[in-house]
Structure formats: C-alpha cells, structure tokens
Amino acid sequence: MKMIDWLLGRKTVYEKDVHGIQDALAMIDDFPDAVFTLEDRSSIYRFLSHQRVKEYLHNQLPDYYDYETHIRIVINRKNLKKLHLRLKGHIGLSTELQRYNPMDLTVRIKTM
C-alpha cells in the first residue's frame, strides 16, 4: 500500500502483473456500468463507457508491441470498487535492457 492510498483511505483488493492485454479486457468487462477515464501518450479521454474503452484498445493499440498489464482493484472510503489499469507497450529490446525508448506506449485506464 502506498502512502497516498493510506491517506485517501483506499484498500487494495486485487493486484496483478500480467503479459498481454487479454486480462485487461476481461477486467473492463467486470465493470459494465462504470465510467472510465483513459489516458494515453497525447490526450485524456473522460466519461467513456466500457464498450468505447474496448474499441479503443482494439483499434488504437498496435499488435506488434509486447504489452505488460498492471491490474489493480481498490476499495475507497465509500466502499466502491475502483479499477486501475496500466498497459505498457514495448517494442524491440527495451524490456530486456530496461532502457528508455521513445517508441514505447503507456496507457492508463481508471474508473471514475
């Protein structure tokens, strides 16, 4: 648990790091009535339904990247479940070398 989570009264229920985006799509389906915020390299999209988020992931993310997904579900002070996803797309040897590559992608998805 991070210090900011403790201050905001959030408790981590589920946290997992996986390879690929299939688990992220499954987690988005688990929150059908939620409103999402999506943040990519150049812009922020707010008030998206889960269908629009899935369309974005299928249409905008290139297939030739290797994706690592960090999934986190927290419960806030009002006992509401919130989903936090971070998709990191790596191209080439940047995952093995642990180096910065300007071609890498990072997409953050959160429920509001």
Side-chain angles (χ1 to χ4, degrees):
M1 179 185 289
K2 297 178 183 173
M3 181 77 148
I4 190 72
D5 292 333
W6 179 74
L7 289 172
L8 293 176
R10 295 188 292 207
K11 296 179 186 121
T12 301
V13 176
Y14 180 79
E15 192 163 8
K16 184 178 180 183
D17 289 318
V18 293
H19 188 74
I21 63 169
Q22 297 304 322
D23 287 346
L25 294 172
M27 284 294 167
I28 290 170
D29 282 336
D30 289 345
F31 291 83
D33 297 330
V35 177
F36 291 92
T37 298
L38 190 140
E39 178 182 342
D40 66 357
R41 180 183 299 170
S42 61
S43 56
I44 297 173
Y45 304 101
R46 292 190 170 108
F47 305 109
L48 297 174
S49 66
H50 79 284
Q51 292 293 338
R52 299 286 287 179
V53 173
K54 287 178 66 173
E55 286 176 18
Y56 177 88
L57 293 179
H58 284 296
N59 297 334
Q60 299 294 326
L61 296 182
D63 293 335
Y64 48 85
Y65 276 74
D66 292 326
Y67 291 100
E68 294 177 6
T69 304
H70 179 79
I71 301 168
R72 189 166 159 225
I73 298 175
V74 297
I75 294 178
N76 63 4
R77 288 184 182 181
K78 298 177 184 176
N79 288 329
L80 297 174
K81 282 189 177 182
K82 301 285 184 174
L83 176 66
H84 299 261
L85 294 173
R86 186 179 65 230
L87 301 166
K88 283 189 174 180
H90 301 285
I91 191 166
L93 297 172
S94 61
T95 56
E96 291 142 13
L97 298 177
Q98 296 295 320
R99 297 181 65 188
Y100 172 74
N101 186 352
M103 299 296 291
D104 289 348
L105 295 173
T106 301
V107 178
R108 289 185 174 89
I109 302 169
K110 296 180 184 179
T111 57
M112 295 181 84

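- We find the CG-CG distance between Asp5 and Asn76 to be 11.0 Å, quoted to the nearest 0.5 Å.
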Q.
Run Asp40 and Tyr45 through side-chain contact (heavy atoms from CB on, under 4.5 Å) and show every step you take.
A. CA-CA 9 Å; Asp40 66 357; Tyr45 304 101; 4.1 Å; yes
Q) Run the side-chain contact (heavy atoms from CB on, under 4.5 Å) check on Leu48 and Tyr56 step by step: do they pass? A) CA-CA 10 Å; Leu48 297 174; Tyr56 177 88; over 6 Å; no
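- His50 places no side-chain N or O within 3.5 Å of a backbone atom of Ile28 that could act as its donor or acceptor partner.
- Annotation: side-chain contact (heavy atoms from CB on, under 4.5 Å) contacts of Glu15 (sequence neighbours excluded): Thr12, His70, Arg72.
- Here the side chain of Arg41 pairs a donor or acceptor atom with the backbone of Asp104 at under 3.5 angstrom.
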Side-chain atoms of residues 105-112: list all donor-acceptor pairs with protein atoms under 3.5 Å, sequence neighbours left out, distances to 0.1 Å.
residue: Thr111; atom: OG1; partner: Leu83; partner atom: N; Å: 3.0

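- In this structure, Leu61 CG and Ile21 CD1 are separated by 5.5 Å, a value rounded to the nearest 0.5 Å.
- Both Ile91 and Leu57 are members of a single hydrophobic cluster when ILVMFWY side chains are connected at heavy-atom separations under 4.5 Å.
- Applying the side-chain contact (heavy atoms from CB on, under 4.5 Å) criterion to Ile44, with sequence neighbours excluded, gives Thr37, Glu39, Arg46.
- Put simply, the side chain of Lys81 reaches to within 4.5 Å of the side chain of Phe31, judged on heavy atoms.
- With rounding to the nearest 0.5 Å, the separation of NE2 in His84 from OH in Tyr14 is 15.0 Å.
- Among all heavy-atom pairs drawn from Arg77 and Leu8, the shortest one is NE-O, 3.1 Å.
- The environment of Lys88 atom NZ is sparse: at most 12 non-hydrogen atoms of other residues, nucleotides or ligands sit within 6.0 angstrom.
- Contact detail for Ala24 and Thr69: the closest heavy-atom pair is CB-CG2, 3.8 Å.
- The hydrophobic clustering, which links ILVMFWY residues whose side-chain heavy atoms are closer than 4.5 Å, places Val74 and Leu87 apart.
- Nearest heavy atom pair, residue Met103 against residue Tyr65, reads O-OH, 2.6 Å.
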Q: Begin from the C-alpha positions of Lys16 and Met27 and carry the test side-chain contact (heavy atoms from CB on, under 4.5 Å) through to its verdict.
A: CA-CA 11 Å; Lys16 184 178 180 183; Met27 284 294 167; over 6 Å; no
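- In Asn59, the CG atom is crowded: over 12 heavy atoms of neighbouring residues, nucleotides or ligands sit closer than 6.0 Å.
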